[in-house]
Amino acid sequence: MRSPDSPITDKPTGSRPRRAAILDLLVIAVVAGVVLASALVGRALKRDGTDIFLPFPPLLAEWLPHVGPGTAFAVMVAVGVVAWGPALAGRMRWRNLLVVGWATSLAWTFALALSDGYAKGFATRLTSRDEYLHDVPRVTDIPAMLRDFTSHILTDQPGAWTTHVGAHPPGVFLLFVWLDRIGLGGGPAASALCVLVGSSACVAVAVAVRALADEDLARVLLPFSVLFPGAVWVGVSADGLFAAVLAWGVAGVAWASARRGRVSALVATGSGVLLGYCLYLSYGLALGAALVVAVIAMTKAWRTALFAALGVAAVVAAFTVAGFWWITGYELTKVLYAGSIAQSRPYSYFIWANLAALVFALGPAVIAGLRHAVAAPRLVSSGVAVLAAAALAVVLVADISGLSKAEVERIWLPFGTWLVPACAWLPRTHHRWWLAGQAVLALLVNHLLLTVW
């Protein structure tokens, strides 16, 4: 199925396919040059005594070539998606395709994590002294924890939370506490939750694209979402889970916007609950509202917006009544951030090095897709264009804010996920090549570097 206003050509944009391909390679080369420059400037800063706390700038990683038990499996998944993914995506029944897409994304993410070894790459990723699980044993009374949460954000206060707990609202910490309460405490269960949920973001993007554009575009994009290089950090970090929760909230609003009736209202309200909970997973996810506003502005589904707002309001009210005031937490977290390692990370470097780091999560296909989008924006449905434009705007706002200096390869996963639709502008005859490029980048990053997440 293809809408009249969303043709996808079988050849590159422009009248000369070879010229378009050369332009793609030139853009990739320029971006690679910026990435290389960020690495060289970062090393120069370190030599001059500026501690940017990045062993391998612009990424938080160490140079450590290695293979692991997941290596062969990751290669097999990549080869399978490149070879058969586009064809299968084009002919499978829609619901079956979504299940297979999620399963393949899960396999890809898990295999990449296992390439670092089961313990180092998966089971213990969330158990360090800076991670959420470190403080789970401290919680003996959940209501009391929520009431007193802001009293322990600043590190000079008694009983200060560990780094990641204090730097986020209590929503994500609460998830891990609940997991522990039902008997699934410890690193493996927490990592499994992040990977299971995080790998589903590809399905949410497909659902949203189908609702806002057409099913054909959604099928075209799904293999690119499955082989998202950001999976390196989805397995394992809580930010991968954040990406999926936001993605399903946006997808639910998009789905409900195209329908009427009670089911639509229920989905819109449930999506609002997810979006509201996003506010309590990470303060930065408030920027995700731009994606929802873009969807509503395009569809003019004001009824859906109302029900979604009710869902958001219910979550905000619940946390507020429980004793956590979001604005107080945000203000204290800004103070915490200003006194952290961020104070030695120069804004003038990270304003552009952040974007270089994000490239590792996006991959060459997304960069080339954005190039095609600028050259011929009308070749793809406005629904996809709106999603990609909103995501790009959010990334730029987050970058300019200076509230995330470094580590954005994982922090911006919730927004990078929505830049994958830019691949819709790529010529179909080149899809397998671009998919291969995405897989190769992820495999190289995962096996040449040891990432913290």
Side-chain angles (χ1 to χ4, degrees), residues 168-169 171 201 204-209 211-213 221 225 228 230 239-258 268 271-302 304-313 315-316 326-327 330 333-334 351 354-355 358 361-362 366 369-370 373-374 377 380-404 408 410-424:
H168 293 80
V205 172
V207 170
V209 170
L212 297 176
L221 288 171
S225 288
F228 182 48
D239 296 87
L241 182 148
F242 301 167
V245 176
L246 176 62
W248 281 109
V250 174
V253 170
W255 187 92
S257 296
S271 300
V273 170
L274 289 178
L275 294 168
Y277 204 83
C278 280
L279 295 174
Y280 297 89
L281 294 175
S282 171
Y283 295 106
L285 288 182
L287 291 174
L291 292 163
V292 182
V293 170
V295 170
I296 297 299
M298 181 179 60
T299 61
K300 295 180 172 55
W302 311 119
T304 297
L306 174 61
F307 282 108
L310 290 175
V312 172
V315 176
V316 173
W326 192 91
I327 295 176
Y330 174 64
T333 300
K334 287 199 298 183
I351 187 68
N354 276 349
L355 300 178
L358 181 62
L362 298 181
V366 173
L370 290 172
V374 172
V380 176
S381 167
S382 60
V384 177
V386 166
L387 287 174
L392 185 59
V394 168
V395 166
L396 294 177
V397 170
D399 190 35
I400 294 170
S401 74
L403 293 177
S404 294
V408 297
R410 66 168 179 85
I411 295 173
W412 289 350
L413 284 174
F415 313 133
T417 298
W418 291 100
L419 285 171
V420 175
C423 295

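Only this structure's heavy atoms are used, side chains among them; waters, hydrogens and symmetry mates stay out.
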Atom of [X], atom of [Y] and distance for their closest heavy-atom approach:
| X | Y | value |
| --- | --- | --- |
| A204 | A251 | O-CB, 3.2 Å |
| A422 | L370 | CB-CD2, 3.7 Å |
| A361 | L413 | CB-CD2, 4.4 Å |
| V245 | C278 | CG1-SG, 3.7 Å |

### Task
Check V394, L362, L355 against W412 for a side chain to side chain contact (heavy atoms under 4.5 Å, CB included) and give me the one that passes.
L355

Who are the side-chain contact (heavy atoms from CB on, under 4.5 Å) partners of [X], not counting sequence neighbours?
| X | value |
| --- | --- |
| V374 | none |
| A390 | L291, A294 |
| S257 | V253, V295, I296, T299, A301, T304 |
| V205 | V209, S225, T417, W418, P421 |

### Query
Applying side chain to side chain donor-acceptor pair (under 3.5 Å), which residue pairs with at least one partner in residues 281-298 are found, sequence neighbours left out?
none

### Query
Can you list every side chain to side chain donor-acceptor pair (under 3.5 Å) pair that touches residues 388-403, not counting sequence neighbours?
N354-D399

#### Entry: Main-chain N/O of A211 paired with W255 side-chain donor or acceptor, under 3.5 Å
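Flag not set: sc W255 to bb A211 has no pair under 3.5 Å.
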
### Query
How long is the gap from CG on L396 to CG on L287, to the nearest 0.5 Å?
11.5 Å

### Message
Using 0.5 Å steps for rounding, measure from the CG atom of L281 to the CG atom of L241.
### Response
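Those atoms lie 6.5 Å apart.
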
[X] side chain near [Y] side chain, heavy-atom distance below 4.5 Å:
| X | Y | value |
| --- | --- | --- |
| V366 | F228 | no |
| H168 | F242 | yes |
| L212 | V384 | no |
| L358 | F415 | no |
| L275 | V292 | yes |
| L285 | P414 | yes |

### Message
According to side chain to side chain donor-acceptor pair (under 3.5 Å), who are the partners of W248, at least two apart in sequence or on a separate chain?
### Response
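Checked W248 against side chain to side chain donor-acceptor pair (under 3.5 Å); matches are S200.
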
